[in-house]
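Atoms considered below: every heavy atom in the structure, side chains included; atoms not considered: hydrogens, waters and symmetry mates.
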Amino acid sequence: MSTVRRAAAAVLVAASALALTACGPSEDGAAGGAGATGVPTATPPHSTAPADPGTEPGGKPSAKPSAKPATPPPAKPGAKPGSKPGGKPSADPDYDVFPCSTFDVKFSADLAEATTSSYLLKITNKSGKACRVLGHPVVTFGELDGAATERGKAPGIEEALRLEPGQSAYAGLMGGPAGADSKTVSYIRMTMDTESDLEQVPLKASTPGFHVSSANSVTAWMDNAEDALSL
């Protein structure tokens, strides 16, 4: 009987040892029972890099830009279209209007005073843009050498007459008395003062019986015929 009890006690001890072994921790620290059943153990989430300011959570690009686009500096108070850089208006309102040339105008000459053989010269802007009439017309006589002298003072370039399309300007051409030294021509030629080396085609006008002498002179361009003939 004592032998049977000792054998039973040995069996119980062995069974207890097996149970403890099965419930003990495994090599990776998880419970032995969990490892035996194949159930995966929970692992900590992977660490991620700091989110980019221009992306939404989850790594998707943000619909909104990360920075505002650059904008030009505001215009200075008082700046007007056509003003010079820096917002300062040009001192000359016609700084972008070029001088009139013979390519911009049509030309005519009408007898104003028969006794003095004087003519009223007229130009009309035929171009589609404004131009400035500078100084005096340059008038030559037929095939003769020389040109009419300038009479009177012309306005400065900043005060020069602005000629809009279709508008006209006038100048007075003074003839000379008939004499032994005078000559007569049937036409004159005119070119414009452009204060440049622009090559122009002279415009021709009929002047029957015009007397050419040292007394010939021409006024600056005016905005009306009366002033042109009164100088």
Side-chain angles (χ1 to χ4, degrees), residues 92-231:
D92 180 5
D94 294 335
Y95 76 96
D96 58 343
V97 179
F98 294 98
C100 301
S101 73
T102 56
F103 301 108
D104 302 312
V105 300
K106 56 184 180 180
F107 171 60
S108 64
D110 296 308
L111 183 63
E113 178 58 56
T115 56
T116 57
S117 187
S118 296
Y119 278 80
L120 176 67
L121 310 184
K122 177 183 176 181
I123 55 171
T124 302
N125 186 352
K126 66 177 183 178
S127 71
K129 61 185 186 302
C131 61
R132 288 189 294 179
V133 182
L134 305 184
H136 297 72
V138 179
V139 179
T140 58
F141 310 108
E143 300 302 322
L144 302 178
D145 294 330
T149 58
E150 296 178 355
R151 184 166 81 251
K153 186 178 180 181
I157 188 169
E158 292 186 358
E159 293 82 27
L161 180 63
R162 178 186 176 115
L163 212 61
E164 299 291 343
Q167 289 186 336
S168 299
Y170 306 87
L173 175 62
M174 178 69 71
D181 296 332
S182 66
K183 296 181 180 179
T184 303
V185 295
S186 59
Y187 68 91
I188 59 173
R189 289 190 176 96
M190 187 277 301
T191 54
M192 301 291 295
D193 178 9
T194 62
E195 293 192 350
S196 71
D197 56 358
L198 174 69
E199 250 183 79
Q200 301 178 68
V201 177
L203 300 179
K204 184 177 177 181
S206 177
T207 56
F210 183 80
H211 299 297
V212 181
S213 70
S214 58
N216 297 137
S217 60
V218 64
T219 68
W221 292 111
M222 308 285 180
D223 60 2
N224 65 88
E226 184 177 356
D227 288 346
L229 292 173
S230 63
L231 292 179

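Looking only at side-chain heavy atoms (C-beta outward), Ile123 and Met190 come within less than 4.5 Å of each other. Put simply, the side chain of Leu229 does not reach to within 4.5 Å of the side chain of Tyr170, judged on heavy atoms. Using a 4.5 Å heavy-atom threshold, the side chains of Trp221 and Met192 count as touching. Considering only heavy atoms from C-beta on, Cys131 stays 4.5 Å or farther from Phe98 through its side chain. Under the 4.5 Å side-chain criterion, counting only non-hydrogen atoms from C-beta, Thr102 is not in contact with Phe107.
A side-chain donor-acceptor contact under 3.5 Å links Asp193 to the backbone of Glu195. Distance alone, capped at 3.5 Å, places no donor-acceptor pair between the Asp104 side chain and the Lys126 backbone. A donor-acceptor distance shorter than 3.5 angstrom exists from the side chain of Ser117 to the backbone of His211, with no hydrogens or angles considered. In terms of modelled atom types and a separation under 3.5 Å, the side chain of Asn125 and the main chain of Leu163 share a donor-acceptor contact.
Atom CD of Glu164 sits in a crowded spot, with more than 12 heavy atoms from other residues, nucleotides or ligands closer than 6.0 Å. Taking a 6.0 Å sphere around NZ of Lys106, one finds it holds 12 or fewer heavy atoms contributed by other residues, nucleotides or ligands.
The existence of a salt bridge linking Glu159 and Arg132 is excluded, since no basic side-chain nitrogen approaches an acidic carboxylate oxygen closer than 4.0 Å.
We find the NE2-NZ distance between His136 and Lys153 to be 11.0 Å, quoted to the nearest 0.5 Å.
Looking at Ser168 and Thr124, their side chains do bring a donor and an acceptor atom within 3.5 Å of each other.
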